[in-house]
Amino acid sequence: MHDINFIRNNPNDFDKSLKLRNIKPNSSLILNLDKSKRDLLTTSQELRSTRKSLSSDFSKSNEEDKKKLQKEVHKIKEQIDQIESNLLEVDIKIKDILSSLPNLPEEDVPYGEDETNNKLIKTSGDIPSFDFEPLSHYQLGENLKMMDFDQASKVSGARFVYLKKDLARLERALANFMLDIHTINNGYQEIIPPNLVKDEAVYGTGQLPKFAEDLFKTENDHWLIPTAEVPLTNIVLDSILLEEELPKRFTAWTPCYRLEAGSAGRDTRGMMRQHQFSKVELVSIVKPEESKKELDRMLNCATSILDDLKISYRVMLLSTGDMGFSAKKTFDIEVWLPGENKYREISSCSNCGDFQARRMNSRYKTVNGNVFLHTLNGSGLAVGRTLIAVLENYQNKDGSINIPEVLIPYMNGKKIISSV
RNA sequence: GGACAGAUGGGUGAGUGGCUGAAACCAACGGAUUGCUAAUCCGUCGUACUUCGUAAGAGGUACCGAGGGUUCGAAUCCCUCUCUGUCCGCCA
């Protein structure tokens, strides 16, 4: 949600920033509506004031005056009703516009229409070489008979999978490893959040109202979370925090449910793009002046997982056209997948500034009043895709998989996954 | 699912039609005082929007879970919904 005061005071900056996100200017439309809203508001407040003072005279009046007063107030009431219904209409229009415009990018975000303008920030690790043709994760998984897409499609349809035996264990090992790092080394508080949430929560983080078609909804009007970002960030929904509570850092391992409506035909094979996947999420709630450095910190927390797993990756700064709706600035971490012979996204770390906080009405107390918080979220990491990366990077010629050293304790001491 | 009870400012809690934006107490903050810890006294102490003003500031409106209704006037009466608590039933 955008700050109407900012738009009033900086209409040109607002439009310029929107233009960076390839959106046409909006400020004059918004400000016109805002002007008429305030006119209506002033009128209605004056009428209410009159009504109040007339009413307070009532008990002191004689019978005749009482009748007059009743009549008069009736008239005023009709006017108020009329004006306030207009007011409501204008207010809804303004909110509709404000809540459907994406966040404004930070100054150092490169301009671009799409991912082709993303900027490479760093590359880590060498691209591994194999003395055989490396297989894709689904070939490896199916050969091991630990990844079953056929049965999943009978039971649940396309874009689902059964993981079995050591691969099921590996998924759990990865999640536990990530959670341990983030809670013990990185100061995140572990949470098990609700996986079904209400409209308000999904609105708060910005998936609603624009992106309802990407989400699963229950018959009872709950949404299945598309990411733990939603319940974790909404921990501060509609609340006023004390300064000493900040920063707040939360992590959770949850399933994520996505309809993938716009991606028919894309990544149809394998575990790359599923309706359900698990992810370890990181969320930080910080003071406004601290969000920029918190984003760097969060990025480091996420990349450290891949460093520990000894898998190569690169970090991209997303261009204005490739960023998500709520983000001011986003880094993607892309992991090297030998089976695809390219980098694929495994994490996205975003600073949302006060954009979500305004929608959630989340503030903290300062001596100068209550101030909107800044929120950040990042994957740390997408567990399903990390499993893919481990399989493809640690594969052997015979189709077995070496277990990364840091995961061995989490695999009950096992060092290799094989079908025998 | 059934039967009750409840929802008031940071907290406890008073308030059943007008002088209540809301008592009192606690917490918090500012100050005074006692040599320290503590105690006592005085003061301040909700939010949002808005009007006037360069500003300091001065007004106004709304908000007592949410939304409707009754009334000249609603925290207070009526309706609907949501949530919380207790008991019963069912259940991982």
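Under the Watson-Crick or G-U wobble criterion, with both distances below 3.5 Å, B/A32 is paired with B/U40. In this structure, B/G46 forms a base pair with B/C63, meeting either the Watson-Crick or the G-U wobble geometry with both donor-acceptor distances under 3.5 Å. With a cut-off of 3.5 Å on both pairing distances, the Watson-Crick or G-U wobble partner of B/G85 is B/C4. Pairing for B/G9 is absent, with no Watson-Crick or G-U wobble pair whose two atom distances lie under 3.5 Å. Checking B/U20 for Watson-Crick or G-U wobble geometry (two distances, each under 3.5 Å) identifies no partner in any strand. Pairing for B/G73 is absent, judged as Watson-Crick or G-U wobble with the two contacts each under 3.5 Å.
A/Arg8 comes within 4.0 angstrom of sugar-phosphate atoms only, judged by non-hydrogen atoms across all strands, and of no base. A/Leu41 comes within contact range of the sugar-phosphate backbone alone, with a heavy-atom separation under 4.0 Å but no base atom that close. Across all strands, A/Ser49 comes closer than 4.0 Å only to sugar-phosphate atoms, never to a base (heavy-atom distances).
In terms of position on RNA chain B, the residue among A/Phe58 and A/Asp34 whose nearest nucleotide sits closer to the 5' end is A/Asp34.
For B/C78 and B/U70, the P atoms lie 15 Å apart once the distance is rounded to whole Å. B/C79 sits 37 Å from B/C25 when the P atoms are compared, rounded to a whole Å. To the nearest whole angstrom, the two C1' atoms, one in B/G11 and one in B/C88, are 33 Å apart. B/C64 and B/U8 are spaced 4 Å apart, taking the C1' atom of each and rounding to whole Å. Comparing B/A39 with B/U51, their P atoms are spaced 47 Å from each other, to the whole Å. Comparing B/G65 with B/G9, their C1' atoms are spaced 14 Å from each other, to the whole Å. Between B/U76 and B/G15, the distance separating the two C1' atoms is 8 Å to the nearest Å. Comparing B/U44 with B/U54, their P atoms sit 31 Å apart, to the nearest whole Å.
Distance A/Glu46 CD to B/A62 P: 13 Å, rounded to the nearest Å. A/Asp39 has its CG atom 18 Å from the P atom of B/C49, to the nearest Å. The CD1-P distance, from A/Ile4 to B/A48, rounds to 17 Å in whole Å. The interatomic distance linking A/Leu47 (CG) with B/G60 (C1') rounds to 13 Å, in whole Å. Between the C1' atom of B/C63 and the CG atom of A/Asp238 lies a distance of 13 Å, rounded to the nearest Å. Distance CD (A/Glu84) to C1' (B/A62): 9 Å, rounded to an integer number of Å. B/A48 atom C1' lies 13 Å from atom CZ of A/Arg358, rounded to whole Å. Spacing between atom NZ of A/Lys365 and atom P of B/G11 amounts to 10 Å, rounded to whole angstrom units.
Considering only side-chain N and O atoms, A/Arg48 lies nowhere under 4.0 angstrom from the phosphate OP1 or OP2 of B/U51. At B/A48, one or more side-chain N or O atoms of A/Arg363 fall inside 4.0 Å of OP1 or OP2 (strictly under the cut-off). For the pair A/Gln45 and B/U61, the criterion of a side-chain N or O lying under 4.0 Å from OP1 or OP2 is not met.
The cationic atom of A/Arg359 (NZ for Lys, CZ for Arg) lies less than 6.0 Å from the six-membered ring centre of A/Tyr203 and within 45° of the ring axis. A cation-pi contact links A/Lys66 to A/Phe58, judged by a cut-off of 6.0 Å to the six-membered ring centre and 45° from its axis.
The number of heavy atoms from other shown groups lying within 6.0 Å of CD (A/Gln79) is above 12. Within a 6.0 Å radius of CD1 in A/Ile192, other residues, nucleotides and ligands contribute 12 heavy atoms or fewer. The 12-atom threshold is not exceeded at CD of A/Glu405, counting heavy atoms of other residues, nucleotides or ligands nearer than 6.0 Å.
In this structure, a donor-acceptor pair under 3.5 Å is absent between the side chains of A/Ser49 and A/Glu46. A/Trp223 and A/Asp199 share a donor-acceptor pair across their side chains, judged by distance under 3.5 Å alone. Looking at A/Asp307 and A/Tyr313, their side chains do bring a donor and an acceptor atom within 3.5 Å of each other. If you check the side chains of A/Asn117 and A/Asp322, you find no donor sitting under 3.5 Å from an acceptor.
The side chain of A/Arg51 lies closest to B/G73, out of B/A48, B/G73, B/U51.
Across residues 71-78 of chain A, A/Val73, A/His74, A/Lys77 each have a non-hydrogen atom less than 4.0 Å from an atom of RNA chain B (numbered order).
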